[in-house]
Amino acid sequence: MSYYCKPTRDERTKINRALDRWGAFEFFKDKGLMIQKDDKKKVVVVVYLVTDNIEELMMRIHMMQPFSLGLAIGELKKQFLPTIAGADLFARYGERNKFYIVVGEKAENLVLYGRDIMGESIVEASDALGENDLVIVLNTASEAIAVGRTRFAGKSLFQSGRVTVTTIADAGYYLREEG
Amino acid sequence: MTLILPKSVESVSLSAKYGYDEWLVSRFLEYVPNVKDFLSKMERIPTQYIRVNTLKTSKADLMRRLLSKGFELKSTVMPEVLAVKKAPLVTGATTEYLLGHYYIQDLSSCMVVDALDITPGQLVLDVAAAPGGKTTFMAQKMNNSGAIIAVEPNSRRARSMSFNLARCGVYNTCILKTDALQVVNFGMKFDRVLLDAPCSCEGVIAKDPSRKISHTPQDVDYCSIMQQRLIQAAASSVKPDGILVYSTCSFAPEENEMVVDRLLQDFSNITVEPIEYGSSGLTRFGDLIFDDQLRNARRLYPHLHDTTGFFIARLRISS
């Protein structure tokens, strides 16, 4: 079981740090966030973006646990793992940094079917990326289409004939899950 | 009780020609204009519409992208809605769809939301909300501000709705998995309430031809009774001077005008306001005479308005 609540100051600091990694701290600093916590372990599981009115409503109808709330932007485990909806907001309103990579048009369709990313599909990636880094995968229109994890560092990400980024989540998920 | 009308030569012949149960056609002859055109239209694939999600893109940008992929789109009476005249790809599988730039939604369904006259910052209740097409349009009209409480009793449908909200980037909504009649127990009043009531779905026969013979007068009775309970609960949740929009995708007067008429009889502070689109609501059916205000309600007919069949009533609740 889990429950929703407002983050404590410490929790908000932890979330802000995570948002800063994606260049999205500024966008979120005045926004309302709520968290879903595990009932037993009392740890934050999911972070939600909500409006102020939703926060107020939750206080008023606290006897009813919502099925879902606002927009889940990420899971806070050992590391903050953005959801696709979160990645979309970060890409749209955040400052692009080394943790964003861009793939070509052909690869876009494959990624949207959940496929991993081949080196030759990557058209832009920072040399400063390390192995095992979480990245947001953009298409050529700078829209977030997936969240992935690098298998190589720096220039090795571009190597041909090998999967160099593992796709963790992609925007095609909505269709596959619904269907 | 659902009104069963006497058989006629015309009702027997049309029901045989188009494969309907006769009781249904004899009723259509009473309340659907130009029944032959209507039945013929229901045999054709309905026009597909998409609604631009302005939370994520602009109409111009979406049109540019889809046109470059070979889509043919046509403007409609609603600025946010486009008719898909040609689709070289599955409309529900494009990158733009997956990224939430549009929602596949019938024009009639968008007109229901339009009737709510929603403005940013309001508090809105959406009863029987899944799969979320109307909810996401409301969020769009509110520019993701204020709050929407979306009520859906079914887990699977609530989950599907949460995907649609996420895809469309909606963050002003909370989904409550509960029975719609429980809304009275929230102890809250809303600026706007939408009750798109579960119904016998006569209006979507073109999409689901099995309904020509699968539903019975008892189904209409069942829906009508449930709708009367739901509309009472929904009306009691509206703030003074707020708006309740009642809609169904059925043509049956027992599910539409009769439901609203009973509400008007019970509450003197409710008026039916005019709506821009569609044909007038009925003020009589068989022996039944409805409040004259029902003229302001709207009926959308596939053969006249190129939409799925819909009934929409906008009800203003005064203090």
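To find a chain, count down the sequence lines: A is the first, B the second, and so on, and within it residues start at 1.
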How about residues 95-124 of chain A versus chain B: which residues have heavy atoms under 4.5 Å apart? Glu108(A), Asn109(A), Leu112(A)

Which bit of Leu123(B) comes within less than 4.5 Å of chain A, counting heavy atoms only: side chain, backbone, both or neither? side chain

Count the heavy atoms of every other residue, nucleotide or ligand shown that sit under 6.0 Å from CZ of Arg92(A), and state whether that count exceeds 12. yes

Of the listed residues (Gly32(A), Ala85(A), Pro66(A)), which shares the most heavy-atom pairs with chain B below a 4.5 Å separation? Pro66(A)

Pairs flagged by ring pair (Phe, Tyr, Trp, His ring centres under 6.0 Å) wherever residues 98-143 of chain B is involved - sequence neighbours left out: Tyr97(B)-Tyr102(B)

Interatomic spacing from CG in Leu69(A) to OG in Ser162(B) - rounded to 0.5 Å: 11.5 Å

What is the minimum heavy-atom distance between Leu99(B) and Glu143(A), and which atoms define it? CD1-OE1, 3.3 Å

Short question: side chain of Arg167(B), backbone of Ala171(A) - any donor-acceptor pair under 3.5 Å? no

Is a side-chain donor or acceptor of Thr173(B) paired with a backbone partner of Gly70(A) at a separation under 3.5 angstrom? no

Can I get a per-line list of side-chain donor-acceptor pairs under 3.5 Å for residues 129-138 of chain A, giving both atom names and the distance, sequence neighbours left out?
from	atom 1	to	atom 2	distance (Å)
Asp133(A)	OD2	Gly130(A)	N	2.7

What is the distance from atom CG of Leu57(A) to atom CD1 of Ile148(B), rounded to the nearest 0.5 Å? 11.0 Å

Against chain A, residues from residues 83-94 of chain B with at least one heavy atom under 4.5 Å, in numeric order, are Gly92(B), Ala93(B)

Which of Thr51(A), Ile73(A), Thr83(A) touches chain B most, by non-hydrogen pairs under 4.5 Å: Thr51(A)

Would you check if Val50(A) and Tyr171(B) make a side-chain contact, meaning some heavy-atom pair closer than 4.5 Å? no

Gap between atom SG of Cys174(B) and atom CG of Asn53(A) - 0.5 Å precision: 12.5 Å

Under 4.5 Å heavy-atom distance to chain B, tell me which part of Asp170(A) shows up: side chain, backbone, both or neither. neither

Which bit of Ala141(A) comes within less than 4.5 Å of chain B, counting heavy atoms only: side chain, backbone, both or neither? side chain

Other residues, nucleotides and ligands only: do more than 12 of their heavy atoms fall within 6.0 Å of NZ on Lys77(A)? no

Please classify the contact between Arg159(B) and chain A as side chain, backbone, both or neither, with a heavy-atom cut-off of under 4.5 Å. both

Taking atom NZ as the centre, does Lys14(A) end up with more than 12 heavy-atom neighbours from other residues, nucleotides or ligands that are less than 6.0 angstrom away? no

Any heavy-atom pair between the side chains of Leu71(A) and Asn144(B) that's under 4.5 Å? no

Could you grab the distance from atom CE of Met161(B) to atom CZ of Phe67(A), nearest 0.5 Å is fine? 10.5 Å

